[in-house]
Amino acid sequence: MLPKLDIESFKSKLDQQHDWPSLYMFKFIVPTGKESEVFALFPKNNLTTKQSSKGSYTSVTAKIMMRSSEDVIEKYKEAHQIEGVLAL
């Protein structure tokens, strides 16, 4: 989990760069086989995937309309619970 100061800094940057609600792009890299756990974070949304050259990892991209920076941060906190996930 990120320290509170880092979360506040990230929130500030999100608010400076976006007028909410706004389309936000999430990008995660997960071990292949864990994609469904990322899909579960974004039900009813189209996500794109791309497998690494060796097939060990899969990138998952979601472009989602988000209501606020708080909602974006909450999604990252949920994703952090997935074993092996990297958020870009």
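Count residues from 1 along the sequence.
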Quick one, E70 and E74 - any side-chain contact, counting heavy atoms below 4.5 Å?
no
Taking every heavy atom of W20 against every heavy atom of M66, the minimum-distance pair comes out as CE3-O, 3.6 Å
Next item on the list: Please state whether the rings of F42 and F26 are parallel, tilted or perpendicular, taking 30° and 60° as the class boundaries.
Entry: tilted
Rounded to the nearest 0.5 Å, the CD1 atom of I29 sits from the CG atom of L88 at a distance of 4.5 Å
(Q) Main chain of G55, side chain of T32: is a donor-acceptor contact present, judged purely on distance under 3.5 Å? (A) yes
Quick check on the hydrophobic clustering: are L86 and Y57 connected, directly or via other members, by side-chain heavy-atom contacts under 4.5 Å? yes
When rounded to the nearest 0.5 Å, the distance separating CG of L14 from CD1 of I73 is 6.0 Å
*Under a single-linkage definition using a 4.5 Å side-chain heavy-atom cutoff for Ile, Leu, Val, Met, Phe, Trp and Tyr, are F39 and V72 assigned to the same hydrophobic cluster?*
yes
May I ask you to say whether K75 pairs ionically with D71, meaning some side-chain N is under 4.0 Å from a carboxylate O?
no
Heavy-atom closest pair (P31 atom, G84 atom, distance to 0.1 Å) is CD-O, 3.6 Å
Interatomic distance, CD1@I64 vs OG@S22, rounded to 0.5 Å, equals 12.0 Å
| message | Quick one, V38 and T49 - any side-chain contact, counting heavy atoms below 4.5 Å? | response | no
The reported gap from CD in E35 to CD1 in I82 (rounded to nearest 0.5 angstrom) is 10.5 Å
Of all heavy-atom pairs linking P21 and M65, the shortest is C-SD, 4.0 Å
Interatomic distance, OG@S69 vs CD@Q17, rounded to 0.5 Å, equals 11.5 Å
### Query
Quick one: does E8's side chain have a donor or acceptor within less than 3.5 Å of a partner on D6's backbone?
no
Look only at the side chain of D15 and the backbone of K13, and say whether a donor-acceptor pair between them is shorter than 3.5 Å. no
Between L23 and K63 the two heavy atoms that sit nearest each other are CD1-C, 3.9 Å
Heavy atoms of A62 and L47 approach each other most closely as CB-CD2, 3.6 Å
Does V85 belong to the same Ile/Leu/Val/Met/Phe/Trp/Tyr cluster as V60, with side-chain heavy atoms less than 4.5 Å apart forming each link?
-> yes
